[in-house]
Amino acid sequence: MTPAPVRVRFAPSPTGYLHIGGARTALFNWLFARQQGGQFVLRIEDTDTERSRPELIDVIFQALEWLGLDWDGAPVHQSQRSELYSSAIEKLLADGSAYWCECTPDAVKARAAVRGGPPGYDGFCRDRGLGPGEGHVVRFRVPDEGTTAFDDVIRGHVSFENANLEDFVIQRSNGTPMFHLANAVDDADQGITHVVRGEDLINVTPKVLLIRDALHAAGELTFAHLPLIVNEKRQKLSKRRDDVSVGDYIDRGYLAEAMVNYLATLGWGAPDGIEIRPLPEIVELFRLSDVGSSGAFFDVKKLQHFNGEYIRNLSVPQFVSSSTRWLFDDPPWPPDRFDVATFEVLAPLVQERVKLLSEVPGYVDFVFAPEPTIDDASWQKVMVKGGELATAVLDHAAGAFEVCEWDAASLEAALFAYAEEHDVARGKVQAPVRVAVTGRSVGPPLFESLEVLGRDETLRRVRDARARL
RNA sequence: GCCCCCAUCGUCUAGCGGCCUAGGACACCACCCUCUCAAGGUGGCGGCACGGGUUCGAAUCCCGUUGGGGGUGCCA
């Protein structure tokens, strides 16, 4: 017999934005599905009506779209499938796999405190034959003996003693199902073949397995628990503590391709060791069983390196259009002074220098702003400490730039004539002009910049700076 | 406390019993290139947590110790 085609799911809960950890989980599911020629489906786990925020669902979808992780079929919303869960719960209740319980969380906690020992539910209502009622929940009757085990693609054999599992809630007192139940029902109903998720969910696996057993769920379910992505303290990434919203990375000027490529290296490595490579190659090489099992630190520095590589690999038109947002959204110059054609001239020079698209405006603001924004540290270093050299160079430039041809090569020759005559390093000679014209001691190549700025404005800025020395 | 998982350079990883004097990448340092900054080039720094086994041979297999993480909700 031929094995069932792979069908995996990404099942976010709309209680927050898509974060880095979720994006990685979605990516690995997607990679596995695409590599296997299988399907990747989406399921919104919104059974907790108190916490779910429907407006976040689209935000999550948009983040997945931005990442380029396309899904098969329409997403399933658990909130719209309550009949399925209720009938599963009735079935479990009917055959004794589950029972009604009237204990409040406080009562459970209080008894545990009196009892001492491990916290958790003590099976108080197990055999009381309670029925539905105000404040009643449904609990799953966990076998007292035996073990529940599974073979994890990434971790190997994992087993739990049933005796260590408490009778957990599968239906809240408000009638909504808990996620273990909905999860087990949906995975069976949707024909899911592999569950690929974070390691933080590994200990709910026996509960889901127990429910599947009791429901006589059809089909095999294979699990793969991904290592967690951790922060610098090696703790699981947290939305509150860490900077992890995918949306924030979009806003900072990261390219989706760079993010996806970087995320793929967290827990997985291509056999040939090449890290930066096109997505189709990653799809081809990806093997779920090759995923590592220890936590991986989310290293923004390395992500930035990847991003710089991807930015440099863009064609110039692609770079220009990718930068658009940062050029028009709250730019550091009066919007009407911006000119695309001018930017396009400078674009290739900027492209090879930025790691983030959000840095782009800072490289071209001197052209579009009426005055250069003077960086104090640069002025101090070059103009003040530079002393006589600065004044001499600016005087030379003011004269030479007035008569030379206005193109980069001529400007370079005109300015560096000073370096030849006075035997001064070219680096020292360009500095005062750069600070006078752009306000900073670093930036795109100077002479191309001057060419774009034009003779009148360049001379005005040079004289202006000279006057202030 | 109890349960589960993990352990190769600072970080991400390659390694799946001899090819390892442990390879690559990021970061860092030096030098080269150079109008600044980047990019690029060359070189450097730096690791198998520890202790027992198994074996002719262990980063690789087994056990233990230590360390770290996750879970322990009427969240997912």
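Throughout, protein chains are lettered first and strands after them, A, B, ... in sequence-line order, and every chain is numbered starting at 1.
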Considering only side-chain heavy atoms of [X], which listed nucleotide, [options], is closest?
{"X": "A/L228", "options": "B/C37, B/G69, B/C12", "answer": "B/G69"}
{"X": "A/V204", "options": "B/C74, B/U11, B/A76", "answer": "B/A76"}
{"X": "A/L266", "options": "B/U36, B/C74, B/C12", "answer": "B/C12"}
{"X": "A/K302", "options": "B/U13, B/A25, B/U11", "answer": "B/A25"}
{"X": "A/V442", "options": "B/C37, B/C35, B/C74", "answer": "B/C37"}

For the residue pair A/Y249 and A/Y254, does the interplanar ring angle fall in the parallel (under 30°), tilted (30 to 60°) or perpendicular (over 60°) class?
tilted

Does any donor-acceptor pair link the side chain of [X] with the base of [N] at a separation under 3.5 Å?
{"X": "A/E275", "N": "B/G24", "result": "yes"}
{"X": "A/R234", "N": "B/U11", "result": "no"}
{"X": "A/K301", "N": "B/C26", "result": "no"}

Pick from A/D365, A/D375, A/T373: which one makes a side-chain hydrogen bond (donor to acceptor under 3.5 Å, both in side chains) with A/R440?
A/D365

What is the distance, rounded to the nearest whole Å, between atom [atom1] of [X] and atom [atom2] of [N]?
{"X": "A/Y310", "N": "B/C26", "atom1": "OH", "atom2": "P", "value": "14 Å"}
{"X": "A/R43", "N": "B/A76", "atom1": "CZ", "atom2": "C1'", "value": "12 Å"}
{"X": "A/N231", "N": "B/C12", "atom1": "CG", "atom2": "P", "value": "12 Å"}
{"X": "A/I229", "N": "B/U11", "atom1": "CD1", "atom2": "C1'", "value": "14 Å"}
{"X": "A/F168", "N": "B/A76", "atom1": "CZ", "atom2": "C1'", "value": "14 Å"}
{"X": "A/Q171", "N": "B/G73", "atom1": "CD", "atom2": "C1'", "value": "17 Å"}
{"X": "A/L181", "N": "B/G73", "atom1": "CG", "atom2": "P", "value": "18 Å"}
{"X": "A/D290", "N": "B/C16", "atom1": "CG", "atom2": "P", "value": "12 Å"}

Reckon [X] touches a base, only the sugar-phosphate, or nothing at all at heavy-atom distances under 4.0 Å?
{"X": "A/Y262", "answer": "nothing"}
{"X": "A/G292", "answer": "nothing"}
{"X": "A/P227", "answer": "nothing"}
{"X": "A/V169", "answer": "sugar-phosphate"}
{"X": "A/T47", "answer": "sugar-phosphate"}
{"X": "A/N203", "answer": "base"}
{"X": "A/C103", "answer": "base"}

Does a salt bridge link [X] with [Y], judged by any charged N lying under 4.0 Å from a carboxylate O?
{"X": "A/D106", "Y": "A/R111", "result": "no"}
{"X": "A/R212", "Y": "A/D187", "result": "no"}
{"X": "A/E359", "Y": "A/K355", "result": "no"}
{"X": "A/K236", "Y": "A/E199", "result": "no"}
{"X": "A/R9", "Y": "A/E45", "result": "no"}
{"X": "A/D272", "Y": "A/R277", "result": "yes"}
{"X": "A/R126", "Y": "A/D144", "result": "yes"}
{"X": "A/D46", "Y": "A/R51", "result": "no"}

Contacts of type ring pair (Phe, Tyr, Trp, His ring centres under 6.0 Å), residue A/F286, not counting sequence neighbours:
A/F28, A/W268

Can you check the distance between B/A27 and B/A39, where both ends of the measurement are the P atom (answer in whole Å)?
8 Å

Rounding to the closest angstrom, what is the interatomic distance between B/U65 and B/G41 at atom C1'?
47 Å

If a protein heavy atom is under 4.0 Å from the base, mark B; if only from the sugar-phosphate, S; if neither, -; do that for nucleotides 39-49 of chain B going 5' to 3'.
SS---------

Any side-chain N or O of A/R426 below 4.0 angstrom from OP1/OP2 of B/C35?
yes

May I ask you to verify if any side-chain N or O of A/K236 is less than 4.0 angstrom from the OP1 or OP2 atom of B/G71?
yes

side-chain contact (heavy atoms from CB on, under 4.5 Å) partner of A/S441, chosen from A/M383, A/Q430, A/K381, A/Q380
A/K381

Could you identify the nucleotide paired to B/A30, looking across every strand shown and requiring Watson-Crick or G-U wobble geometry with both distances under 3.5 Å?
B/U42

Using nucleotides 5-9 of chain B, report all nitrogen or oxygen pairs with the protein that are shorter than 3.5 Å.
{"residue": "B/C5", "atom": "O2'", "partner": "A/R155", "partner atom": "NH1", "Å": "2.8"}
{"residue": "B/C5", "atom": "O2'", "partner": "A/E199", "partner atom": "OE2", "Å": "2.7"}

